[in-house]
Each structure stands twice: as C-alpha cells, then as structure tokens.
Amino acid sequence: CEATTNSFKSLVSCGKMNRNKYCASVNECSTGGNRMVALFDALSEQVETGEISEAAARIKYLEVTGNLEADRRAREAAAWGALADSLNEAADSMSPTVCSTTGSTFGNTLSATTTCY
C-alpha cells in the first residue's frame with residue numbers, strides 16, 4: 001500500500017482492505033492487528049480533522065511499523081538461535097564418547113588419568 005497510495009487516508013484504507021481480505025482467508029484477526037488498525041484509523045481521523053499533519057501521521061506510521069518489524073526480526077533471530085542450540089545439543093548427544101586412561105604404578109600406589117572426548 002505504501003508504494004501505491006499518495007495520502008495517509010488512502011494508505012490506511014488500503015492496508016485495512018488487505019488485512020480484512022487476509023483475516024477472511026484465515027478466518028481470524030489478531031488482537032495486535034486490531035489495535036494497529038485502531039491506531040491508524042485514529043491517526044487518519046486526526047489528519048482529516050486537522051489535528052495533525054499528513055507528515056506527522058506518516059512519521060508515526062513509520063515509527064510504529066519500524067518498531068514492529070524490529071521486534072519481529074529479534075524474535076526470528078532468537079528462534080533461529082534456539083534452533084541452532086538445540087541442533088548442536090542433539091549432535092553432541094549423538095557423538096560417541098571415547099575415553100582413554102593412562103597411568104603408572106609405584107609399589108602399591110596406582111596413579112591414573114582418564115580423559116574422555
């Protein structure tokens with residue numbers, strides 16, 4: 001919608017229409033998405049009534065969507081990190097353990113060292 005609209009009101013309308021199509025296709029709308037729609041509707045109304053400028057509304061839109069994208073990327077990176085850790089643990093558990101013992105005796109005393117890897 002950002003590339004195809006030239007006003008904030010059009011941007012909000014386009015986004016809302018696309019979201020509604022998506023929600024209908026999966027038969028569900030998220031609570032977070034509902035809050036975002038309400039926020040952008042309120043910003044659009046403020047632009048329409050002259051409370052804020054079109055530029056201020058777009059800046060707020062970019063802040064909110066940028067923060068959401070950063071949060072999404074952080075969650076994705078954490079998930080990939082957790083997966084990598086899990087795979088490393090699984091690989092480690094499948095590796096055979098090899099131990100070797102070396103030592104010596106002196107009289108009745110045994111001295112030995114065991115190393116496993």
Side-chain angles (χ1 to χ4, degrees):
C1 292
E2 291 175 3
T4 61
T5 59
N6 57 5
S7 74
F8 188 75
K9 184 176 181 176
S10 298
L11 174 66
V12 171
S13 293
C14 175
K16 205 171 182 178
M17 181 180 66
N18 287 338
R19 180 172 187 270
N20 287 340
K21 283 181 189 175
Y22 172 78
C23 291
S25 74
V26 297
N27 201 28
E28 180 181 18
C29 280
S30 69
T31 302
N34 291 342
R35 279 189 242 136
M36 173 126 17
V37 168
L39 170 66
F40 294 146
D41 279 345
L43 286 172
S44 183
E45 187 177 318
Q46 287 178 326
V47 169
E48 203 166 306
T49 61
E51 291 177 54
I52 62 172
S53 68
E54 176 96 10
R58 283 193 179 265
I59 289 169
K60 184 67 175 174
Y61 166 84
L62 292 172
E63 286 174 1
V64 169
T65 56
N67 289 338
L68 286 172
E69 184 63 20
D71 290 346
R72 184 194 64 77
R73 283 191 202 137
R75 285 191 309 275
E76 187 176 282
W80 280 111
L83 176 61
D85 290 345
S86 179
L87 291 174
N88 283 334
E89 287 176 19
D92 289 345
S93 71
M94 292 179 198
S95 299
T97 301
V98 178
C99 297
S100 65
T101 302
T102 57
S104 63
T105 58
F106 182 75
N108 289 335
T109 305
L110 171 66
S111 176
T113 302
T114 300
T115 306
C116 297
Y117 54 94

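It should be emphasised that the depicted structure is a prediction, and the values quoted were computed from it without experimental measurement.
Each of M36 and Y22 belongs to its own hydrophobic cluster when Ile, Leu, Val, Met, Phe, Trp and Tyr are linked at side-chain heavy-atom distances under 4.5 angstrom. There is a path of hydrophobic side-chain contacts, each under 4.5 Å, that joins W80 to L87. M17 and V12 end up in different hydrophobic clusters when Ile, Leu, Val, Met, Phe, Trp and Tyr side chains are linked at under 4.5 Å.
Judged by distance alone, the side chains of T101 and T114 do bring a donor and an acceptor atom under 3.5 Å apart. Looking at R72 and N67, their side chains never bring a donor and an acceptor atom within 3.5 Å of each other.
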Practice prompt. May I have the step-by-step check of side-chain contact (heavy atoms from CB on, under 4.5 Å) for R19 and S30, ending in yes or no?
Written response: CA-CA 10 Å; R19 180 172 187 270; S30 69; 3.9 Å; yes

Fill in: CA sep, side-chain torsions, deciding dist, call: E2, L11, side-chain contact (heavy atoms from CB on, under 4.5 Å)
CA-CA 6 Å; E2 291 175 3; L11 174 66; 3.9 Å; yes

Fill in: Steps toward side-chain contact (heavy atoms from CB on, under 4.5 Å) verdict (T115, C99)
CA-CA 5 Å; T115 306; C99 297; over 6 Å; no

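A salt bridge is defined here as a Lys NZ or Arg NE, NH1 or NH2 lying under 4.0 Å from an Asp or Glu carboxylate O, and E76 with R73 fails to meet this definition.
Checked by atom type and distance alone, the side chain of S86 never pairs as donor or acceptor with a backbone atom of A82 at under 3.5 Å. Of the possible donor and acceptor atoms, none in the side chain of S44 sits under 3.5 Å from a partner among the backbone N and O of D41.
When each of L39, V37, T31 is tested with R35 by the rule side-chain contact (heavy atoms from CB on, under 4.5 Å), just one qualifies, namely T31.
Aromatic ring orientation, F8 versus F40: perpendicular (interplanar angle above 60°, classes split at 30° and 60°).
Between A57 and V47, the closest heavy-atom pair is CB-CG2, 3.4 Å. When all heavy atoms are compared, the tightest approach of G15 to C1 is N-SG, 3.3 Å.
Put simply, OH on Y61 and CG on L43 are 11.5 Å apart, with the number rounded to the nearest 0.5 Å.
Environment of CD in E45: sparse, with no more than 12 heavy atoms of neighbouring residues, nucleotides or ligands closer than 6.0 Å.
A heavy-atom distance below 4.5 Å is not found between the side chains of I52 and K60. Between S7 and E54 the shortest side-chain heavy-atom distance falls below 4.5 Å.
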